[in-house]
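Naming: A, B, ... by sequence-line order, numbering from 1 per chain.
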Amino acid sequence: MLWLLQKSEKIQSTGSQTAFFLAFSQASRFFDKGMLVLDETEKKEAHQLVEGYEPEFWNVLQTARTYLLLSFPQEKEAWFAAVNQLFETADMHEHQALFAALPLMPFQEDLIDRAIDGCRTNVALIFDAIALNNPYPAKYFPEANWNQMVLKAVFMQRPLYRIQSQDARSNPALAEIARDFAHERWAAGRNVMPELWRLVSPFLNEKYLQDLQKVMSSKDELELAGGALALFNGPSGTGKTVLGKFPTLVSQIESGTITWETVGKEYQKTRV
Amino acid sequence: MSMYIDPHIHLVSRTTDDYEAMQKAGIVATIEPAFWLGQPRTEVGSFKDYFSTLVGWERFRASQFGIVHYCTMGLNSKEANNIALAEQVMELLPLYVGKEGVVAIGEIGYDDQTEAEDRFYREQLELAKEVDLPVLIHTPHRDKKKGTYRSMDVAEEHGMDPGWIIVDHNNEETVKEVLDRGYWAGFTIYPHTKMGSERMVEIVKQYGPERIIVNSAADWGISDPLAVPKTADLMRKMGIPEEHVQMVTYRNALTAFSLSGQMDENDWLQAPPIDQTKKLSGNSVLRGGQVPRVEGPADRVEN
Ligand SMILES: [Zn+2]
């Protein structure tokens, strides 16, 4: 802790790139990757500080690195010179820290390309830092890039319920892409992750209802739960007839024992 | 099963078949020294991306096969001769030497023993002192004996502790002096030529296992990523005690490179089970339709 405060002070007062780079990488010698343990008040404080900021999903090391990052003087030209270099030379865990810290950074509008590029990674740890529990993509990504990110999350079987503002960013194009993906999986004789139907739900029409009817003929509890949630939350009335045959699921949804989060969690725990 | 460390292997040039075979043969950890790529680079950006690969993608790729990947950072002696470029690389190095899993400055030293090579070798010895890292020295293939002695002379001139230096690519001609002066002596097993496993057995018989480290230096040339376990097997067959075999193919490398504070046996002894499904998207190391290799619960559904 003393180390961190000393380094932060030095970075802040000198604006030295070298000191900043060295401290940023060497933080791994002083902090481990155990998760932050926060109480309810602290969580609330964090959310009030920056909307959507969820440090309860951060580890100690990335928190320390973010602290150092925020200590660097925020003069635009020098800041980008340093931070670009940091992004370009980062290892896996440094990338994790940098991308997760996007919503806390200055000049956020100028970091959109960086974030979009980050989503091209094949390393789940880095992808997760951008896509999950991070308000940045929903706030800044254009629709096409948002859709690519969500589809990639589906493809990598990441927990979709941890993507922020999903319902607010839902769109017909993404529903269409999700449906195509489901058909591809079915054609290959493979299952579809139940959370996928959340993307379709706001746009239920004849076509999607047919797919969901197929889902509701599954023997798999989680697939049924996902299908039922999509039908239940769809535009009023559309899913009624199909759901009529599943009174238990409907009452579980009404009572809140089945939600996208419970389905996503259970899926991650038992199927991924 | 015996555990091995290959403390000198250029994995960016190896295939996933190699990784699988290495893991099966008992290799638990590898060290990838920064080196040249078979032809000289012309831009500093190529070094940057290469260094990033060593601490990023390659480390991740190795982890997918249950192998812990470390690396060393440095400007190799061949490319030190492009002075304008070498100066830029020296500016880049401080960004990488402090990163997790960087266990030494290396491989550095002499190739043709030019003035430029001497300059950047010395500068990197100073860098190693500054950041408290061991040094991995590449000894030249031509004029080897002189080059090896000179590497040690210069290191001592800079006040380096021989116990923090691994002098690599030794042979019968250099080993005695290197050990006598207190350095770690690395031996590269080259198939067909130079130092073969049989010669290695003789050296361990003659000099004992103290401070001797066997490696494959496998790269993009003719080389064998299984050289370390194969040599260990031959040593056993030739009657070298098990404890000695383990020292030269595992323990000594661990002791030397863990001086960095960046390498710990627990990194592999307590590693989570390999799980290719968890970390990879469907289009990287695993291609469509391949079933991932998963250790652990057998009831996993490939989905
Ligand atoms: Zn080498």
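In this structure a side-chain-to-backbone donor-acceptor pair under 3.5 Å is present from A:Gln268 to A:Gln157. Using modelled atom types, one side-chain atom of A:Glu94 and one backbone atom of A:Asp91 make a donor-acceptor pair closer than 3.5 Å.
Heavy atoms of B:Phe51 lying under 4.5 Å from chain A are absent altogether. Heavy atoms closer than 4.5 Å to chain B are found in the side chain of A:His93, but not in its backbone. With a 4.5 angstrom heavy-atom cutoff, A:Ala90 touches chain B only via backbone atoms. Residue contact with chain B, scored on non-hydrogen atoms closer than 4.5 Å, involves the backbone and the side chain of A:Glu88 alike. For B:Lys48, the part lying under 4.5 angstrom from a heavy atom of chain A is the side chain only.
Of all the listed residues (B:Ser52, B:Gly101, B:Gly98), the one sharing the greatest number of non-hydrogen pairs under 4.5 Å with chain A is B:Gly98.
A salt bridge links A:Arg120 with A:Asp117: at least one charged nitrogen is closer than 4.0 Å to a carboxylate oxygen. Between A:Glu223 and A:Lys214, no side-chain nitrogen of the basic residue sits less than 4.0 Å from a carboxylate oxygen of the acidic one, so the salt-bridge criterion is not met. One finds a salt bridge joining A:Lys33 and B:Glu100 here, because a Lys/Arg side-chain nitrogen approaches an Asp/Glu carboxylate oxygen to under 4.0 Å. Electrostatic pairing of A:Arg198 and A:Glu195 does not count as a salt bridge here, judged by no charged N lying under 4.0 Å from a carboxylate O. Using a 4.0 Å cut-off between charged side-chain N and carboxylate O, A:Arg162 and A:Glu261 make no salt bridge.
Taking non-hydrogen atoms and a 4.5 Å limit, the residue list of residues 123-132 of chain B in contact with chain A, ordered by number, reads B:Val131.
Under the rule for a side chain to side chain donor-acceptor pair (under 3.5 Å), the partners of A:Gln164 that lie at least two apart in sequence or sit in another chain are A:Glu54.
Aromatic rings from B:Phe60 and B:His69 are positioned such that their centres are separated by 6.0 Å or more.
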